Amino acid sequence: MIGLGSYGYTAPASSKISGYDVPEGVDIRGRFDEEFAKILTKDALQFVVDLQREFRNHIKYAMECRKEAKRRYNEGALPGFDPATRYIREGQWTCAPVPPSVADRRVEITGPVERKMIINALNSGAKVFMADFEDALSPSWENLMRGQVNLKDAVNGTISFTDNARNRVYKLNDHTAKLFVRPRGWHLPEAHILIDGEPATGCLVDFGLYFYHNYATFRKTQGQGFGPFFYLPKMENSREAKIWNSVFERVEKMTGIEKGSIRATVLIETLPAVFQMDEILHELRDHSVGLNCGRWDYIFSYVKTFQGHPDRLLPDRVQVGMTQHFMKSYSDLLIRTCHRRGVHAMGGMAAQIPIRDDPTANEAAFDLVRKDKLREVKAGHDGTWAAHPGLIQACMEVFTNTMGSSPNQIETVKRDDASNITEDDLLQRPRGVRTMEGLCLNTRVGIQYLAAWLTGAGSVPLYNLMEDAATAEISRVQNWQWLKYGVELDGDALGVRVNRELFGRVVDEEMARIELEVGKEKFKKGMYKEAC
């Protein structure tokens, strides 16, 4: 037991088992570790508890509203602009000025809160590193708590990692990327920490522990008086942004830092949220540093939102790129909205990874990345995402060739031509065909990603792309959609329809292929059967 007596407090029996010194009403189910105990201090937990108790009913209500919206969509309704908030969309207002320390975000790298990854990403030459507790992390107790330890060491500048296999020590350079942290979405519980008998809200655990331990050091060393900085995922409505804004105001007050110190970029990665971009920025106007095109999840959300609409079936996922009308409209409207409100419009992810053993394929992959980034910067995006340090330079060159020394395009590219984008533009059915290869690829990628996720890896290189949970979601939900509606694989000209029998055969064949690709030994040790 650690110092329970020093607070004159006797923990309930359950917490004595855990070994952590916890406040009243808290029960920790995760294993005890000395390192974790430095994160899960009584005061830090009390900080999270206060947030949980103050906001849990607001969160529950927001989740009920999501269910209600889903019911409406399943009955045939379409998402659209809210007539009640037209005054916000048409009003002349701007967000608080962008802090100087994050004015230039032309290339950002993303990755899980894993120790070596954090060091490599901060040293990568990118302007920003988004450290991820969400889609790039498998949310085991070990990963989540170890991630908090790693971030604390990173903010303190003391993080290092010894790779014995390579006989190499990793440390931070003098000049590093600015750190943003992405907590989980509102809908995910943290089952290892119970507060008043209920699982804590995952994002309040991620945000609360990180903020509590790091805000003071971060503001001195990285934020130039601002910060910490965050990315906020998976929102569907401005009422969810309002809760985040209230959380930020609450902790600014609790810690005595100026209002508007905390800044966040919201990922627009659900279909309902694209109709709420002005409203989301308006709720967060004192705390916003823009919006981001979370394109893979956005595609997943299109299928999820229209799960009851057989007339809105997606083609093969490789055909659903940013040149599809509904995707281009979403990107253009996001740029216009952000620049009109004085904040960054961030582009999407380049998921490619360098192909070391095939120079021709590698050059082709880099060519695709450059074209994608050129499209983004010409459209008016202020920055973009890369999944691998090897892509940073290529992305940086494309953005710098267009932007020169300007930190961003907020003032120079207004995109007024996007003011006439309609609901129909944003909902236009994607064009393309469905093929057996699409079904097989979804199955193969889905199983391999999930097998890795089950063993604790959330960011997984597959077929020269860095995959995270969003890709697995698209794979899963698209197979589900094709099965549910018995779609014809019209791209193969064979008239084959997807049914359970066909899908069963595909799964068997893809499992055999995976075994062949990864080798018998790895296949036996991995969790491929469970994933399947």
Side-chain angles (χ1 to χ4, degrees), residues 105-112 114 116-117 120-121 123-132 134-137 177 182 231 267 269 292-300 316-324 327-328 331 346-379 381 383-402 437-438 441-442 444-446 448-449 452-453 457-475 517-518:
R105 299 169 61 186
R106 65 190 69 196
V107 181
E108 302 187 340
I109 188 169
T110 71
E114 185 257 326
K116 184 175 156 190
M117 173 78 212
N120 284 341
N123 288 344
S124 67
K127 297 291 184 183
V128 165
F129 167 46
M130 186 202 77
D132 197 13
E134 201 227 5
D135 278 2
L137 193 78
R182 178 165 70 172
Y231 257 101
L267 291 123
E269 54 185 350
N292 168 289
C293 282
R295 54 176 148 179
W296 304 119
D297 268 301
Y298 191 76
I299 297 165
F300 158 56
D316 284 6
R317 73 181 176 105
V318 294
Q319 296 174 34
V320 188
M322 294 308 291
T323 52
Q324 290 268 7
M327 296 294 282
K328 182 181 182 300
S331 160
M346 301 303 296
M349 170 69 85
Q352 289 81 357
I353 46 186
I355 308 166
R356 307 219 184 276
D357 53 359
D358 187 340
T360 312
N362 192 52
E363 190 42 48
F366 268 73
D367 199 40
L368 278 176
V369 171
R370 287 187 200 101
K371 281 186 179 137
D372 186 45
K373 301 307 157 195
L374 187 61
R375 176 194 55 74
E376 286 184 333
V377 72
K378 293 277 190 212
H381 279 294
T384 192
W385 274 16
H388 192 281
L391 295 180
I392 302 300
Q393 197 184 340
C395 296
M396 197 71 84
E397 281 168 7
V398 173
F399 267 76
T400 302
N401 285 345
T402 298
E437 180 43 43
L441 183 69
N442 281 344
R444 192 160 72 245
V445 167
Q448 289 185 86
Y449 179 82
W453 190 82
S459 191
V460 186
L462 291 171
Y463 308 111
N464 306 317
L465 295 173
M466 192 60 82
E467 307 287 17
D468 73 2
T471 317
E473 291 281 40
I474 298 172
S475 300
E517 286 179 359
V518 304

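Predicted, not measured: the structure shown is a model, and the values here were computed from it.
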> Under 4.5 Å between any side-chain heavy atoms of Val398 and Glu376, yes or no?
Replying inline: no

> Got a second to check how far Asp468's CG is from Asp132's CG, nearest 0.5 Å?
Replying inline: 7.5 Å

> Do any N or O atoms from the side chain of Arg295 and from the backbone of Met349 form a donor-acceptor pair under 3.5 angstrom?
Replying inline: yes

>> Strictly distance-based, threshold 3.5 Å: is any side-chain N or O of Glu473 a donor or acceptor partner for the main-chain N or O of Ile299?
In response: no

Cut-off 3.5 Å, no hydrogens considered: what does the side-chain donor-acceptor table look like for residues 457-466, sequence neighbours left out?
unit_1, atom_1, unit_2, atom_2, d
Tyr463, OH, Arg444, NE, 3.1
Tyr463, OH, Gln448, NE2, 2.8
Tyr463, OH, Glu517, OE1, 2.5

> Between atom CG of Asp297 and atom OG1 of Thr471, what is the distance when rounded to the nearest 0.5 Å?
Replying inline: 8.5 Å

>> Set out, in order, the CA-CA distance, both residues' side-chain angles and the distance that settles side chain to side chain contact (heavy atoms under 4.5 Å, CB included) for Asp135 and Arg182, then state yes or no.
In response: CA-CA 9 Å; Asp135 278 2; Arg182 178 165 70 172; 3.9 Å; yes

> In Å, rounded to the nearest 0.5 Å, how long is the span from NZ of Lys373 to CH2 of Trp385?
Replying inline: 10.5 Å

> So, the side chain of Asn292 versus the backbone of Gly347: is there a donor-acceptor pair under 3.5 Å, distance only?
Replying inline: yes

>> Does atom CD (Gln393) have a neighbourhood of more than 12 heavy atoms from anything else shown, all under 6.0 Å?
In response: no

> Salt bridge check: are Arg370 and Glu363 linked by an N-O gap of less than 4.0 Å?
Replying inline: yes

>> Could you report the tightest heavy-atom contact between Cys395 and Thr384, atom names first, then the distance?
In response: CB-CG2, 4.2 Å

> So, for Phe129 and Ala121, which heavy atoms are closest and what is the spacing to 0.1 Å?
Replying inline: CD1-CB, 3.3 Å

>> Looking at every heavy atom in both Gly125 and Met396, which two are closest together, and how far apart are they?
In response: O-CE, 3.2 Å

>> Once rounded to the nearest 0.5 Å, what's the spacing between atom CD of Glu108 and atom CD1 of Ile392?
In response: 10.0 Å

> Are any of the side-chain heavy atoms of Lys371 and Leu374 separated by less than 4.5 Å?
Replying inline: no

>> For the NZ atom on Lys328, are there more than 12 heavy atoms of other groups (residues, nucleotides or ligands in this structure) within a distance under 6.0 Å?
In response: no

>> Once rounded to the nearest 0.5 Å, what's the spacing between atom CD of Glu134 and atom CG of Leu267?
In response: 7.5 Å

> Which atom pair, heavy atoms only, marks the closest approach of Ala387 to Ala351?
Replying inline: CB-CA, 4.2 Å

> If you look at every heavy atom in Cys293 and Ser331, which pair is closest and at what distance?
Replying inline: SG-CA, 3.9 Å

>> For Val369 versus Gln352, what's the shortest heavy-atom pair and its separation?
In response: CG2-OE1, 3.4 Å

>> Can you tell me how far apart CD1 (Ile474) and CD (Glu467) are? Round to the nearest 0.5 Å.
In response: 8.5 Å

>> Checking Asp358 now: which residues fulfil salt bridge (charged side-chain N to carboxylate O under 4.0 Å, His left out) with it, not counting sequence neighbours?
In response: none

